[in-house]
S.K.: 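Below are the structure tokens for one structure; questions will follow.
In listed order, ligands and their atoms are each counted from 1.
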Amino acid sequence: MKKEREILEELKKYRGMDLKYEDGRILGSMCTKPHPISRKILEMFLDTNLGDPGLFPGTKMLEEEVIRMIGEMLHNRNPFGYIISGGTEANITAMRVVKKIGKGRKRDIYILIPETAHFSFEKAREMMDLNYRTIPLDKRYIMDVKYLKDYIEDNRGKIDGIVAIAGSTELGTVDNILEISKIAREHNIYIHVDGAFGGFVIPFLEEKYKLEGYNYNFDFSLDNVFSITVDPHKMGLAPIPAGGIVFRDISFKRYLDVEAPYLTETSQATLLGTRTGIGVAATWAIMKHLGAEGYREIVSQCMENTYYLVKRMKEYSFESVIDPVLNIVAIKDDNPLDTSLKLRERGWYLSTCRCVEALRVVVMPHVKREHIDRFIETLAQCKKR
Ligand code: 0PR
């Protein structure tokens, strides 16, 4: 039997192999160092299980309050939802609802998704036999609304859902959900918004950071937006796992419920059964502690650093694919895979885009100016500039 001290020593060795956010070399992640308040909460809520909420009524109340707070942030006074394992589970949950509603129509399910959709939708498609039609992007790399409109008109009555993105994984773009909402209302189509990343950014984005002529509306104030993915464990600063799925109201619960006769509640709506309350409590604490003002400051700092990165790039003639919409920068590169490998050899971790030849930097709160300076110099060396 090993002693606790020995075990901890050994674990420390493994943990020491991991990268650290505070070193500023993680440039491709949508996660960050959780807010320090999370530490105490981890211990306090260690053994909570929201899979059986009757045993943990206090933690369940916290979840309901978090959903109310997120709902308020998204202009919804009457939300229904859960804090779950992440954006993947949230998107799969929304697709379960779209499928259930569509099944009443007794034909195959058709969902329109943009080229920028996260790969979690592919998992949903595989599991649920959904049919997707991919909508191409316009020159701003957002869903081509004209194409979408024509497609829907040519396929009247055959479309069950539209997925729109508020903060795309690769470029941070926001689909024109205002226009999409008008089309969806006319044709009575369900919209699911993937705001996994943008959900905790856009509500706190000051006007001065908004691009002219760009539509940032994405929430429940728009007709036919019936569900939104919004992840506290990304820009919400919560520890993993803390994803969020929010529906317009409780009427959507019936599409998710399965019977669970031997639990303290007789039905269960979430995909996962046993699930921790840690993310719920941490999100509650961080949202209460930071408030809108705190998040606004964090988002502003990330945007300032985003602009700083673009400015430093220009000094070496590196170009960004688009003017940054949120705190993500895509750096044009003729061989992004090769460049990212070279950067990795030098200790910098970032990813590449799929929809365009570019490297991608997510300017999370752990990315500071000094890191940006060192990164740009390394990139310039790699590209011999
Ligand atoms: N929707 C969007 C728009 C996303 O960007 C992501 C993840 C998801 C859904 C899925 O969320 P979960 O990963 O929470 O299930 N986006 C990041 C990505 O795929 C996730 C990530 C985070 C990747 C940290 C790397 C990393 O170090 O790039």
Side-chain angles (χ1 to χ4, degrees), residues 18-34 70 81-95 111 113-125 127 132 137 141-143 162-175 177 191-202 218-219 227-246 270-272 275-276 278-279 282-283 302 325-330 336 340 343-344 348-355 358-367:
D18 295 343
L19 295 187
K20 293 188 188 63
Y21 290 111
E22 49 272 45
D23 290 344
R25 288 170 166 262
I26 302 179
L27 297 182
S29 172
M30 284 190 166
C31 295
T32 191
K33 185 105 183 156
I70 295 179
Y82 298 96
I83 298 300
I84 49 181
S85 63
T88 301
E89 190 186 342
N91 287 336
I92 292 171
T93 302
M95 293 302 101
I111 300 169
I113 69 167
E115 254 178 60
T116 38
H118 184 258
F119 52 79
S120 44
F121 289 101
E122 179 53 21
K123 297 180 186 175
R125 189 192 66 73
M127 283 193 278
Y132 290 154
L137 307 177
Y141 296 92
I142 56 176
M143 211 169 359
I162 302 172
V163 170
I165 319 287
S168 65
T169 312
E170 293 169 57
L171 298 169
T173 47
V174 180
D175 285 319
I177 304 172
I191 302 177
H192 169 65
V193 173
D194 183 357
F197 183 73
F200 268 96
V201 182
I202 303 166
F218 75 105
D219 64 20
S227 54
I228 303 181
T229 292
V230 42
D231 286 352
H233 73 199
K234 296 191 169 74
M235 282 294 285
L237 264 56
I240 301 164
I245 181 70
V246 184
T270 48
L271 193 60
L272 299 192
R275 60 189 181 99
T276 176
I278 291 172
T283 305
C302 290
V325 179
L326 303 178
N327 46 326
I328 296 180
V329 180
S340 75
L343 284 164
R344 193 166 289 198
W348 294 93
Y349 287 75
L350 49 135
S351 49
T352 55
C353 294
R354 202 176 38 160
C355 64
L359 297 160
R360 152 185 178 273
V361 178
V362 189
V363 189
M364 293 300 289
H366 63 265
V367 179

S.K.: Applying ring pair (Phe, Tyr, Trp, His ring centres under 6.0 Å), name anything that partners Tyr141, two or more places apart in sequence or on another chain.
M.R.: none
S.K.: Are any non-hydrogen side-chain atoms of Leu272 and Ser85 less than 4.5 angstrom apart?
M.R.: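 The answer is yes; the side chains approach within 4.5 Å.
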S.K.: Between ligand 1 and the protein, tabulate every N or O atom pair separated by less than 3.5 Å, reporting distance only.
M.R.:
unit_1	atom_1	unit_2	atom_2	d
ligand 1	1 (N)	Asp194	OD1	3.2
ligand 1	1 (N)	Asp194	OD2	2.6
ligand 1	5 (O)	Thr169	OG1	2.7
ligand 1	11 (O)	Gly87	N	3.4
ligand 1	11 (O)	Lys234	NZ	2.8
ligand 1	14 (O)	Gly87	N	3.0
ligand 1	14 (O)	His233	NE2	2.9
ligand 1	14 (O)	Lys234	NZ	2.9
ligand 1	15 (O)	Gly87	N	3.3
ligand 1	15 (O)	Thr88	N	2.8
ligand 1	15 (O)	Thr88	OG1	2.5
ligand 1	19 (O)	His118	NE2	3.0
ligand 1	27 (O)	Ser29	OG	3.1

S.K.: For residues Val163 and Met143, report the shortest heavy-atom separation together with the two atoms involved.
M.R.: O-CE, 3.4 Å
S.K.: Taking all non-hydrogen atoms of both residues into account, name the closest pair between Ala358 and Ala330 and its distance.
M.R.: CB-CB, 4.1 Å
S.K.: Under a plain distance cut-off of 3.5 Å, with no hydrogens placed, do Asn91 and His192 share a side-chain donor-acceptor pair?
M.R.: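 Yes, Asn91 and His192 have a side-chain donor paired with an acceptor closer than 3.5 Å.
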S.K.: So Phe121 and Tyr132, would you call those rings parallel, tilted or perpendicular, with 30° and 60° as cut-offs?
M.R.: perpendicular
